[in-house]
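Owing to the predicted nature of the structure, the values given are computational and were not obtained by experimental measurement.
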Amino acid sequence: MRVLFINPPECAASGLIELAAFEPLGLELLAANMPHHDTYLLDLIFEKKSIETAMSEYKPDAVCMGSFTSQVYMVKDLLRQAKRCNPQVVTIIGGYHPTFMPNDFNEPYIDLISIGPSVQTLVEAIDTLEAGKDPCSVPGLYVRRDGKLIKTPARIYPKTLDDEPFPDRKISARYRKKYHVFGVGPMAVLRTSEGCPYRCKFCCIWSFTGGSYRTRSPKLVADELERIEEDYIYIFDDDFLFSRERVRALYDTIASRKLKKKYWCFGRADFICANPDLIEKWAGLGLTNVYIGMEACTDAGLDTLNKRSTVKTNSDAVQILKNNGITPDLGFILMPQYTRKDFQQLFRYVESLGILDDGYVEYMSLTPLPGTELWDEKRHELVTRDYRLFDFIYPVMKTNLPLKQYFRELTRLYVKTYLRPPSFSRRSGGKHPAPGKGNPLGLNPLGTLRSVIGSCRFLWKLGKSSCMGTRGYIPRKFRSLAKYSNLDQRSL
C-alpha cells in the first residue's frame, strides 16, 4: 500500500511551535516497521502544501496522522480534506488525544483510531487492509462500521523495545536541517525508553503506555546513535534519568564508541541528587541540557501535584547541573488559584537558583489533559472547550485573578526572566563549560531567525492578553477552524 504520513502544523494559540520543532519520530518508527509498503512524509510545519496537492501527487491508499490535544481540529480538517479528495482512501489517526478521547474523532471521514503506543497496531492494520481482510481482527483499534466505532480487543505490548527497528529517518531527509530547539540544531530525536514509572497527576504518559516502562538495550542505542548524522541529540525519553544501572550502562557503551554528540534530555531532580557522579560523567560525554519538571516552588505545591520531590531536592539538582556546566531547563506550573504574591514568590525562587544568566525557565498554566488524574478531577471546572487553548499557557480553568491580571503577571514573569541586560551575555561555568547563550527567551545567538521572531510574537501575545484578555490571545487563524471547536458534551 501507499501510505502518506502527515505531521500536522501546530494549531495551539500560543504559537510556541516556532521555538522548537522536532522530527516526527512516531511516524519515522511507523515507516521503519513497514518497509514492504511505500511510505511518504509530508511535514506541514515546514511545507505549506495543500492536502489536495499532496493527494494528487502521491495518490496514497492510506493517510495516517497523530494528534495532541491542541491539534485536534486541524487534524480532523486535514483528514476530512483527504477523504473528500479520495473517498476510498483509508484515514487513520493515533496518538495521545485519540487514545483517551476517541469520540472526538467519531466522524464519517475517519476510518481507524489507534489506541496507545500504536506502531505495531498500525502496521498490522495496514497489512490487514492490503490483504483485503477486516481490521476488526487487529487489537488496539476503533474501527468504523456502519457509522459506528467498534472497539477491538486491547493490545498486549512487548516488554522491551529491542525488537523494533531503528526509525526510518530517510522519510524526513528534506526537513532534517530545520528541526531545532530554541534555534539550536539541526536536532535529532532519540528514544531509548518508553513510559514512566511515576504517577504525576498532570501527566498522561503512564496511562498512555498502560503503566509499562519499556527500554532499549544500550548496544542498540549506541548502534542507532552511530547512524544519526546530527551533532545535537534530544533524548526524548519520558524519563531518561531513572535507573542508575541503565544510565551508567548507556554511558559506558556510548563512551566506548567515542561518539561526539551534544545531548539534551528530560530528568528528575531526585535522580540527579542521588547520582552526581553519573551527571559528571554524562557532562563529559556531551550532555549540555537537562529539562527538570520543577513544577512548584513550595513543598505543599509539589505534594498537590503528587510530584514526590521537595524544593530542596529541586534546588540541589539545579546546582549539580550548574557545577557540571550543564544548562538547567526548568518547567514550573502556575496554579489557577495563584495570587500576585504567588507569582512574585515564584520569581524570587527562580532568581535564588542563580540560573537567570545560564539557564532556561518555562512557566506553564495548570492544564488538565485527557488521560490524566487531573482531568478526572477538574474537567468540570474547565472554562473553555476549545482544545487550541490547551497550550499550557492559556489558563483553561477559572483563575483567582481576573484574566487580564493573570496574563499581566505571567508576562512579568517572562520579561523579568529573559528581558534583562545579563541575559544578553549568558555564560556557563563548571567543569565542562557549555557554549554561551543569549537573546530573548534564552535563544542561542546562532539560532534560527524563526525562533527569534517566534519569541517576540509570544511576548507580544502575552502583552496583548494583559490588556485585552482572551480576545488578545486568540489568533485570526482560529476563524478558519471555528466549525470544529464546538465539541459535544460527551467529550468532557
Side chain to side chain donor-acceptor pair (under 3.5 Å) between Tyr406 and Ser465, intermediate numbers included: CA-CA 9 Å; Tyr406 179 92; Ser465 304; over 6 Å; no
Any chance you could lay out the side-chain contact (heavy atoms from CB on, under 4.5 Å) test for Asp168 and Asn33, step after step, and finish with the verdict? CA-CA 8 Å; Asp168 181 3; Asn33 278 270; over 6 Å; no
For a salt bridge (charged side-chain N to carboxylate O under 4.0 Å, His left out) check, start with the C-alpha distance between Glu230 and Arg176, then their side-chain angles and the critical distance, and finish with the verdict. CA-CA 9 Å; Glu230 286 82 358; Arg176 298 202 64 81; 2.7 Å; yes
Are Lys76 and Tyr109 close enough, and set up right, to give a side-chain contact (heavy atoms from CB on, under 4.5 Å), and what steps lead you there? CA-CA 9 Å; Lys76 289 173 65 173; Tyr109 50 82; 3.7 Å; yes
Assess whether side-chain contact (heavy atoms from CB on, under 4.5 Å) is satisfied between Thr39 and Met34, documenting all intermediate values. CA-CA 8 Å; Thr39 57; Met34 50 178 73; 3.9 Å; yes
Where do Tyr234 and Phe266 land on the ring pair (Phe, Tyr, Trp, His ring centres under 6.0 Å) test, with the steps shown first? CA-CA 9 Å; Tyr234 208 122; Phe266 300 100; 5.4 Å; yes
Quick one, Phe390 with Val396, criterion side-chain contact (heavy atoms from CB on, under 4.5 Å). Give me CA distance, side-chain angles, the key distance, then yes/no. CA-CA 7 Å; Phe390 283 62; Val396 296; 4.0 Å; yes
Might you work through the salt bridge (charged side-chain N to carboxylate O under 4.0 Å, His left out) test for Glu381 and Lys378, ending with a clear yes or no? CA-CA 5 Å; Glu381 299 179 25; Lys378 303 292 186 180; 3.8 Å; yes
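Crowding of Glu245 atom CD: a count of heavy atoms from other residues, nucleotides or ligands under 6.0 Å not exceeding 12. Heavy atoms of other residues, nucleotides or ligands lying less than 6.0 angstrom from CZ of Phe68 number 12 at most. Sparse packing is recorded around NZ of Lys133, with 12 or fewer heavy atoms of other residues, nucleotides or ligands lying under 6.0 Å away.
The line from CZ of Phe166 to CD of Glu226 is 9.0 Å long, rounded to the nearest 0.5 Å. Interatomic distance, CD1 of Ile110 versus CZ of Phe105, reported as 6.0 Å (0.5 Å rounding). Between the CG atom in Asn289 and the CD1 atom in Ile235 there is a gap of 11.5 Å [rounded to 0.5 Å]. Between Cys200 atom SG and Glu295 atom CD the span is 6.5 Å, to the nearest 0.5 Å. Going from atom CD1 of Ile474 over to atom OG1 of Thr470 covers 6.0 Å, rounded to the nearest 0.5 Å. Atoms NZ and CG, on Lys201 and Leu305 in that order, are 7.5 Å from each other to the nearest 0.5 Å.
With respect to Arg268 and Asp270, a salt bridge is recorded, a charged nitrogen being found less than 4.0 Å from a carboxylate O. Between Arg216 and Glu194, no side-chain nitrogen of the basic residue sits less than 4.0 Å from a carboxylate oxygen of the acidic one, so the salt-bridge criterion is not met. With respect to the salt-bridge test (charged N to carboxylate O, under 4.0 angstrom), the residues Asp134 and Arg145 qualify. The residues Lys83 and Asp111 are annotated as salt-bridged, a charged nitrogen and a carboxylate oxygen being separated by less than 4.0 angstrom. With salt bridges taken as basic N to acidic carboxylate O contacts below 4.0 Å, one links Asp38 and Arg2. Looking at Arg80 and Glu107, no side-chain N of the basic residue comes within less than 4.0 Å of a carboxylate O on the acidic one, giving no salt bridge. Between Lys219 and Asp223, at least one side-chain nitrogen of the basic residue sits less than 4.0 Å from a carboxylate oxygen of the acidic one, meeting the salt-bridge criterion. In summary, Asp386 and Arg388 engage in a salt bridge, as defined by a charged side-chain N under 4.0 Å from a carboxylate O. Between Glu224 and Arg191 there is no salt bridge, since no side-chain nitrogen of the basic residue lies less than 4.0 Å from a carboxylate oxygen of the acidic one.
Although no hydrogens or angles enter the test, the distance criterion places a donor-acceptor pair under 3.5 Å between the side chain of Asp238 and the main chain of Gly195. Checking side-chain atoms of Thr411 against main-chain N and O of Phe407 turns up a donor-acceptor pair under 3.5 Å. Although no hydrogens or angles enter the test, the distance criterion places no donor-acceptor pair under 3.5 Å between the side chain of Ser212 and the main chain of Arg214. Side-chain atoms of Asp77 do not come within 3.5 Å of backbone N or O of Tyr73 as any donor-acceptor pair. Ser193 places no side-chain N or O within 3.5 Å of a backbone atom of Thr215 that could act as its donor or acceptor partner. Side-chain atoms of Ser309 do not come within 3.5 Å of backbone N or O of Lys307 as any donor-acceptor pair. A donor-acceptor contact shorter than 3.5 Å links the side chain of Thr152 to the backbone of Leu141. Judged by distance alone, the side chain of Glu130 and the main-chain N or O of Met1 form a donor-acceptor pair under 3.5 Å.
Side-chain rings of Tyr213 and Phe242 approach one another, their centers coming within less than 6.0 Å. A centroid separation of less than 6.0 Å is found between the aromatic rings of Trp282 and Tyr263.
Counting heavy atoms from C-beta on, the side chains of Val189 and Ile233 never come closer than 4.5 Å. Side-chain contact check for Leu44 versus Leu78: some heavy-atom pair is nearer than 4.5 Å. Considering only heavy atoms from C-beta on, Ile115 stays 4.5 Å or farther from Pro98 through its side chain. No side-chain heavy atom of Leu374 sits under 4.5 Å from any side-chain heavy atom of Leu369. Looking at Thr253 and Val221, their side chains never come closer than 4.5 Å, going by heavy atoms from C-beta outward. Side-chain atoms of Ser70 and Tyr387, non-hydrogen and from C-beta on, never get closer than 4.5 Å to each other. In this structure the side chain of Leu112 reaches within 4.5 angstrom of the side chain of Pro135, judged on heavy atoms. In this structure, Phe271 and Val247 have side chains that are in contact, with non-hydrogen atoms separated by less than 4.5 Å.
Side-chain contact check for Tyr291 and Glu362: at least one donor-acceptor pair (N or O, by modelled atom type) lies under 3.5 Å. For the 3.5 Å distance criterion, the side chains of His97 and Ser67 fail to qualify, holding no donor opposite an acceptor. Side-chain N/O atoms of Asp61 and His37 include no donor and acceptor closer than 3.5 Å. Neither side chain, Thr53 nor Ser56, offers a donor N or O lying under 3.5 Å from an acceptor on the other. Neither side chain, Tyr179 nor Ser172, offers a donor N or O lying under 3.5 Å from an acceptor on the other. Side chain to side chain, Thr121 and Arg155 meet the donor-acceptor criterion of an N or O pair below 3.5 Å. Checking Thr192 against Asp237 by side-chain atom types alone, a donor-acceptor pair falls below 3.5 Å.
A ring pair (Phe, Tyr, Trp, His ring centres under 6.0 Å) with Phe458 is found for one member of Tyr414, Tyr418, Tyr363 and no other, namely Tyr414.
Taking both residues in full, the closest heavy atoms of Leu4 and Pro60 are given as CB-CB, 3.7 Å, listed atom of the first, atom of the second, then distance. Pairing each heavy atom of Ala21 with each of Phe46, the nearest pair is CB-CZ, 3.7 Å.
Ring-plane geometry between Tyr473 and Tyr394 is classed as tilted, the angle between the planes lying from 30 to 60 degrees on a 0 to 90 degree scale.
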